[in-house]
Amino acid sequence: MKSRTAFILLFVLLLAAAGLVWLLNPWSTTGSGLSVLLPQEPDKVTGVQVIGEFDTLAFHRSDTVWMLDGEEMNPGALENLVYAASRLTMRSILPAGEVRLTGPAVEVLFLKGSREAGHFFFAASSSGYVVYAPGANQYFGVEIPGYEGLALEKIFSVNADHYRMHLLADLLPSEIASVAVEPWKGTAFVAQQDSGYNVSVRLPETGEDVTGEVDEHKIRMLFSYFNTIRYDRVAGPTEADPGNLPSTPWARVVVTTFDGVRRQFDVYQWVKPGEQDPDLFEALVVFNGRPLLLVVNYYYLDLLVRGLEDYRR
């Protein structure tokens, strides 16, 4: 009788253990602790909040239209964020005290109506990308299967321009192989970096290496200015005539990535109809030789069109 009772007790314990394993599923490729942080039904997400150290972006979706403060956003950028979050998979579990973050943490909150559908912090670390719950003592090392080389900090961005329409360039410094500048005033130059991110500077006409003459920090800052450059609109025919543009641009900037993708900005000062002097706030840009005049705020261009003199020691 005792052996039968012991057998029944053992059987019950095994069933309980099996049920616990089924519930926790510790061998899941996502990990039960990670999955509860992520949006499980991305197509039903109607709101996203991206919270950084200084800014909070609150996006709302109606049908297929995403809005931010009354402005229609680029649906592709928002869908990338939502679906990338839903596809994050776990590479490792790390104690919080052993993780060294290499960039700012971004808090991301997903909403389905008024209900929370996912909530986590995202950051880059010395060992890769990590996701963790608010106040958690462990971090999850994550990746997106099939996109292991994707720069996830560009997707989970707290920069509002990243999500807006009319994006011309959204490059991280680590993606840029070279920047060639023909400035509006001063000396033209080409700044390059190799696969180890060592920077060099030369003069384009002679090939002379002038790396020793420039401030390395200033040159490295130049590589960071191509994050989310956008245009406001296409200039209409009554605003500007492409046939009346000067034969050479006021300034030209060409940025090339390590993948060989080239982005060329031909910048022209804009004398608006009825005016005699160039506009102080907006310029006209021909992008990659396309037959359109794009209106671009100098906020994005000012630091790009300066000569070598601005980078000397």
Side-chain angles (χ1 to χ4, degrees), residues 50-55 57 74 77 80-81 100-106 122-126 128-129 149-164 166-184 186-202 204 210-231 251-267 283 285 287-288 294 296-313:
V50 184
I51 305 166
E53 185 178 1
F54 303 107
D55 296 305
L57 308 178
N74 182 346
N80 283 345
L81 186 154
R100 182 173 65 84
L101 301 184
T102 58
V106 177
F122 167 86
S125 76
S126 56
Y129 299 111
L150 185 64
L152 296 183
E153 60 264 57
K154 290 174 62 176
I155 293 177
F156 300 103
S157 173
V158 76
N159 186 337
D161 285 337
H162 171 79
Y163 304 98
R164 289 192 166 102
H166 306 155
L167 196 61
L168 294 177
D170 185 14
L171 298 173
L172 298 171
S174 59
E175 296 177 297
I176 298 173
S178 68
V179 180
V181 179
E182 297 177 24
W184 68 275
T187 304
F189 66 95
V190 178
Q192 297 174 297
Q193 61 177 353
D194 58 23
S195 58
Y197 305 117
N198 300 300
V199 174
S200 61
V201 182
R202 61 179 176 82
V210 292
T211 306
E213 302 175 18
V214 302
D215 185 301
E216 181 179 346
H217 175 71
K218 291 181 180 179
I219 287 293
R220 290 192 182 278
M221 287 297 295
L222 171 63
F223 284 78
S224 70
Y225 296 151
F226 295 91
N227 182 23
T228 60
I229 297 178
R230 62 185 296 268
Y231 68 96
R252 173 178 289 158
V253 180
V254 180
V255 56
T256 306
T257 68
F258 283 109
D259 295 331
V261 178
R262 188 173 184 268
R263 294 170 176 82
Q264 179 171 318
F265 302 83
D266 290 338
V267 183
V285 171
F287 180 68
N288 279 354
L294 307 180
V296 180
N297 195 294
Y298 277 114
Y299 169 82
Y300 300 105
L301 300 172
D302 179 58
L303 295 173
L304 301 181
V305 295
R306 301 184 180 189
L308 183 65
E309 290 74 10
D310 276 47
Y311 298 92
R312 292 191 185 277
R313 294 179 183 274

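FYI, side chains are in, hydrogens and waters are out, and symmetry mates aren't considered; it's all heavy atoms of this structure. Numbering of residues begins at 1 and proceeds along the displayed sequence.
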Any idea which heavy atoms bring [X] and [Y] closest together, and the distance?
X      : Y      : result
Ala188 : Pro204 : O-CD, 3.5 Å
Leu301 : Val267 : CD1-CG1, 4.0 Å
Ala251 : Trp184 : CB-N, 3.8 Å
Val199 : Arg220 : CG2-NH1, 3.5 Å
Asp161 : Asn159 : N-OD1, 3.0 Å
Tyr225 : Leu304 : CB-CD2, 3.5 Å

For the backbone of [Y] and the side chain of [X], can you confirm whether one donor and one acceptor N or O come within less than 3.5 Å of each other?
X      : Y      : value
Tyr300 : Asn227 : no
Tyr129 : Leu152 : yes
Glu309 : Thr187 : yes
His162 : Lys154 : yes
Glu175 : Leu172 : yes
Asp266 : Arg252 : no
Glu153 : Gly103 : no

How about [X] and [Y]: do any of their side-chain heavy atoms sit closer than 4.5 Å?
X      : Y      : result
Val261 : Thr256 : no
Val50  : Phe156 : no
Thr257 : Leu171 : yes
Ile155 : Leu150 : yes

When Ile176 is tested against each of Phe258, Phe226, Tyr197 for side chain to side chain contact (heavy atoms under 4.5 Å, CB included), which residue passes?
Phe226
Considering the options Val179, Leu308, Leu222, which one meets the side chain to side chain contact (heavy atoms under 4.5 Å, CB included) requirement together with Val201?
Leu308
Quick one, Phe265 with Ile229, criterion side-chain contact (heavy atoms from CB on, under 4.5 Å). Give me CA distance, side-chain angles, the key distance, then yes/no.
CA-CA 11 Å; Phe265 302 83; Ile229 297 178; 4.2 Å; yes
Any side-chain donor-acceptor pair under 3.5 Å between Tyr231 and Asn297?
no
Are Gln192 and Asp194 close enough that a side-chain donor and a side-chain acceptor fall under 3.5 Å?
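No, no side-chain donor-acceptor contact under 3.5 Å.
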Mind checking whether Tyr311 and Phe189 have ring centres under 6.0 Å apart?
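Aromatic pair counts; centres sit under 6.0 Å.
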Go through the steps to decide whether Val254 and Arg263 satisfy the test side-chain contact (heavy atoms from CB on, under 4.5 Å), and finish with yes or no.
CA-CA 6 Å; Val254 180; Arg263 294 170 176 82; over 6 Å; no
Could Arg313 and Glu216 be called an ion pair, given the rule that one side-chain N must be under 4.0 Å from one carboxylate O?
no
